[in-house]
Amino acid sequence: MSKLDFLSLMAARRALHQCTDAAALLDLFGKETVVGYIGFDCTAPSLHVGHMMQIMSLRRLQQSGGKPIVVMGGVTTKVGDPSFRDEARPLLTDAMIEANKQSIKRVFENYLTFGEGRTDAIMVDNAEWLDEQRYVPFLRDIGRHFSVNAMIKMDSVRMRLEREQSLSFLEFNYMLLQSFDFVELYRRYGCRLQLGGSDQWGNIVSGIDLGRRTDNAELYGVTSPLITTASGAKMGKTAKGAVWLNADQLSPYDFWQYWRNTEDADVGRFLRIFTDLPEEEIARLEVLEGAELNEAKKVLATEATALCHGRAAAEASAETARKTFEEGVAAADLPSITVPLAQLEQGFGVAQAAVAAGLTKSTSEARRMIENRGISLNDAVVEDVKAMLTVADLRDGAIKISAGKKKHVLIRPRD
């Protein structure tokens, strides 16, 4: 990638939405190594594709000479950010939060360089400073700088109130905690920049204001656009659930397939945001049409997977897809499930198998697909809604069941 200043790089990669003071921030980048952070709450064992824009923002900061801080929300997870949510998050135990945090940490090593160097990333937990806060002193020192009048005008709060949906006092405090994170990171690490999605603008501005009030600090905020697909769908959601970043939550092959199935109109945009390919190569790929555009989607899938899971896993996923779709073989790296051998000996309904494999949500949906010739076994179309899988269908120890041309799962017997 060409060496650009941070804001120019973010703009070129279609990842820049707002900046609090672009001229002053650019001037700061010219004078020092700018330290910037993003916080990630530990609500699940893995982050998902919806978080990738923010992870890539930290990557762009490091690529342009800045120093990223990954903040794990050991405390803020207990509160829950109300931004653009219809209801409160379920409360997690300390043990659940800690387990999620340890699981989430691994993915960042694939995107950022950690270490002791000037621009090396570091990871911290806001429990380091928030757990030690005493309630009344915190309210006296921090809470007095926040106007309730202003807080209820923030989109994250206002929208919940306008819809007459419950907003707990616990959630209402999230803005104070995130703002204090920014100030504490400034005090500890000289952090001057907070990054986030556009839904975090209110929280970021509140932190900037708090820093000015308490420490006379000049802090900055940069947001990226919230990403939806060309058809308006939310990023990272599929019929089978979230597109997780951890391999133990979603296989690299399924991750690769998610990107391979990108809508035509999104290919160029996603190549810029979610890969490091140079602009001239992206410009060449995004104008391809028809079957050639499918090749661009494969490039996107491989490059995005390489960043998340490593180049070897990405290329193995691409090769598995090639064998499956081009050669029609049941590649060993396909997602698989196991069923009792006795169940195959007795006969296992194809419709039930499609549900068990995650290809359909219900047996009625599976039957409709069979009627429309959309389900295949070992690449042969199933025509009978009452068809059964048996041991006679095993090929090299597995049965390949497919929904359409792109979704394939191996069914293996177990004792």
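Start at 1 with the first residue, then count along the sequence.
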Quick one: [atom1] on [X] to [atom2] on [Y], what's the gap to the nearest 0.5 Å?
X	Y	atom1	atom2	value
D264	E286	CG	CD	12.5 Å
L185	E128	CG	CD	9.5 Å
M96	C42	CE	SG	12.0 Å
E281	L285	CD	CG	4.5 Å
R367	T360	CZ	OG1	10.0 Å
I122	I69	CD1	CD1	4.0 Å

Residues, nucleotides or ligands: over 12 heavy atoms within 6.0 Å of D131 CG: yes
For the backbone of [Y] and the side chain of [X], can you confirm whether one donor and one acceptor N or O come within less than 3.5 Å of each other?
X	Y	result
N110	H309	no
D5	L7	yes
S46	L245	yes
N126	G74	yes
D125	A127	yes
R59	Y111	yes
T302	A314	no
R14	A12	yes
E109	F114	no
D393	T390	yes

Output yes when D276 and R60 qualify as a salt bridge under the 4.0 Å nitrogen-oxygen rule, no when they do not. yes
If the threshold is 4.0 Å, N to carboxylate O, is there a salt bridge linking E303 and K298? no
Report the C-alpha separation of Y220 and C19 in whole Å, then their side-chain angles, then the decisive distance to 0.1 Å, and conclude whether the side-chain contact (heavy atoms from CB on, under 4.5 Å) test is met. CA-CA 8 Å; Y220 303 90; C19 180; 5.9 Å; no
Tell me, do [X] and [Y] make a side-chain contact under 4.5 Å, heavy atoms counted?
X	Y	value
F40	T77	no
K67	Y189	no
V71	Y37	yes
F182	L219	yes
V350	L389	yes
Q62	L58	no
F29	L61	yes
F274	V49	no

Only counting residues at least two apart or in another chain, list the ones meeting side-chain hydrogen bond (donor to acceptor under 3.5 Å, both in side chains) with T93. none
For [X] versus [Y], what's the shortest heavy-atom pair and its separation?
X	Y	result
S224	M53	OG-CG, 3.3 Å
C191	V35	SG-O, 3.5 Å
G221	I208	N-CD1, 3.5 Å
S231	E263	OG-OE2, 2.5 Å
T228	F270	O-CZ, 4.5 Å
S179	G207	OG-N, 3.3 Å

Please report the C-alpha distance between M52 and M235 in whole Å, then the side-chain angles of each, then the deciding distance to 0.1 Å, and finally whether the side-chain contact (heavy atoms from CB on, under 4.5 Å) criterion is met. CA-CA 10 Å; M52 278 183 62; M235 276 287 292; over 6 Å; no
Going through the distances and angles, do L130 and D181 end up as a side-chain contact (heavy atoms from CB on, under 4.5 Å)? CA-CA 8 Å; L130 289 176; D181 280 352; 3.5 Å; yes
Could you go through the salt bridge (charged side-chain N to carboxylate O under 4.0 Å, His left out) check for R260 and D254 one step at a time? CA-CA 10 Å; R260 168 62 181 84; D254 281 333; over 6 Å; no
For R368, give me all partners under salt bridge (charged side-chain N to carboxylate O under 4.0 Å, His left out), at least two apart in sequence or on another chain. none
Which is it for E279 and R13 under the salt bridge (charged side-chain N to carboxylate O under 4.0 Å, His left out) test, yes or no, and what are the steps along the way? CA-CA 9 Å; E279 173 59 31; R13 306 305 290 199; 5.5 Å; no
Go through W259 and K297 one step at a time and tell me if the side-chain contact (heavy atoms from CB on, under 4.5 Å) criterion holds. CA-CA 7 Å; W259 296 102; K297 293 180 182 182; over 6 Å; no
Under a plain distance cut-off of 3.5 Å, with no hydrogens placed, do T223 and Q200 share a side-chain donor-acceptor pair? no
Any side-chain donor-acceptor pair under 3.5 Å between Q178 and Q194? yes
